[in-house]
Amino acid sequence: MAKTSELCAAVWEAPDWLPRFRRQEYPQAFQEYQKRFAPLYAQAVEETEGDLTALEGLANDILDELEAGWKRRRFWNRTAVRVEEKQVIVSYLSPMLLELPDPLCGRLAGMLRQGWADRWPKDAYQITTFEVLQKGFRNSILGIELPDKFLDPTRDR
């Protein structure tokens, strides 16, 4: 079975992934994230053998490990680390789990979200797919919204 610490590495490596959450870089970063962490999560979910109680236990173990990591930090840095790690969960981990072929992986994403909301209700988050996140990026320069026709590299000007 994959160790919880190996699964949590998908969240702990936030400084590697968050700077790449930009319109142009996100698709490539997401593919690299999937390539690295999808097999670990797929294996961990498979090892629950479809037992929803075991799947919920896996979600709780991941959240316990994340919380323990925050407690090991200096108290003035804990909140910032938690915010970054939550951003990775929303931007990378949850969409990856939703895209895995096993529907139990999507259930794990939902259980992580619900477990987070139960533990930290003022800091709850929602989950969505990669496509929805990718479409959410604004096409703008210096805050001025640009129509898509100006960003199509194949279009004659």
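What's counted below: heavy atoms across the whole structure, side chains too, no hydrogens, waters or symmetry copies.
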* Applying side chain to side chain contact (heavy atoms under 4.5 Å, CB included) between Ile89 and each of Leu63, Leu66, Ile127, report the one that passes. =>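 Exactly one candidate clears the test, Leu66.
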
Please report the interatomic distance [atom1]([X]) to [atom2]([Y]), rounded to the nearest 0.5 Å.
X	Y	atom1	atom2	result
Glu99	Phe130	CD	CZ	7.0 Å
Glu67	Arg72	CD	CZ	11.0 Å
Met111	Leu58	CE	CG	9.5 Å
Phe30	Gln134	CZ	CD	10.5 Å
Glu32	Arg36	CD	CZ	11.0 Å
Phe37	Leu93	CZ	CG	9.0 Å

For [X] and [Y], work out which heavy atoms get closest and say how close.
X	Y	value
Lys35	Pro39	O-CD, 3.6 Å
Leu98	Gly106	CD2-CA, 4.0 Å
Thr48	Val45	OG1-O, 2.5 Å
Ala38	Met96	N-SD, 3.5 Å
Ala117	Ala124	CB-CB, 3.9 Å
Trp12	Ser5	CZ3-O, 3.6 Å

* **In one Ile/Leu/Val/Met/Phe/Trp/Tyr side-chain cluster, 4.5 Å: Leu112, Trp70** =>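 As far as the 4.5 Å side-chain criterion goes, Trp70 and Leu112 are connected within one cluster.
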
* **ILVMFWY cluster, Val83 and Phe21 together (side-chain gap under 4.5 Å)** =>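 Each belongs to a different hydrophobic cluster.
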
* Partners meeting ring-ring contact (aromatic ring centres under 6.0 Å, His included) with Tyr41 (sequence neighbours left out) ->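 Listed in chain order: nothing, the list is empty.
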
* Would you confirm whether Trp116, through its side chain, and Asp123, through its main-chain N or O, come within 3.5 Å as a donor-acceptor pair? =>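 Answer holds: yes.
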
* To do: Mind telling me whether Tyr33 and Tyr92 have parallel, tilted or perpendicular rings, with 30° and 60° as the class edges?
  =>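 Tyr92 and Tyr33: tilted rings.
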
* Under-4.0 Å salt bridge between Asp61 and Lys3 ->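 Looking at Asp61 and Lys3, the cut-off is not met.
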
* With side-chain contact (heavy atoms from CB on, under 4.5 Å) as the test, would you mind laying out the steps for Arg119 and Asp64 before giving the verdict? => CA-CA 10 Å; Arg119 293 171 187 229; Asp64 289 343; 2.7 Å; yes

* Asked: Is the count of non-hydrogen atoms from other residues, nucleotides or ligands lying under 6.0 Å from Arg107 atom CZ greater than 12?
  ->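 For Arg107, atom CZ is not crowded (no more than 12 foreign heavy atoms under 6.0 Å).
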
* Answer yes or no: are there more than 12 heavy-atom neighbours, outside Arg73 itself, under 6.0 Å from its atom CZ? =>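 No, CZ of Arg73 has 12 or fewer neighbouring heavy atoms, counting only those of other groups under 6.0 Å.
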
* To do: I would like to know whether Ser94 and Thr128 meet side-chain contact (heavy atoms from CB on, under 4.5 Å); could you show each step before the answer?
  => CA-CA 7 Å; Ser94 295; Thr128 192; over 6 Å; no

* **Side-chain heavy atoms of Glu65 within contact of Leu7, under 4.5 Å** =>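 When only atoms from C-beta onward are counted, Leu7 and Glu65 do not touch, as no gap falls below 4.5 Å.
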
* To do: Using only heavy-atom distances, determine whether the side chains of Asp118 and Gln114 contain a donor-acceptor pair under 3.5 Å.
  =>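 Per modelled atom types, Asp118 and Gln114 side chains form a pair under 3.5 Å.
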
* Asked: Step by step, would you call Leu104 with Leu52 a side-chain contact (heavy atoms from CB on, under 4.5 Å)?
  -> CA-CA 9 Å; Leu104 288 177; Leu52 294 180; 3.8 Å; yes

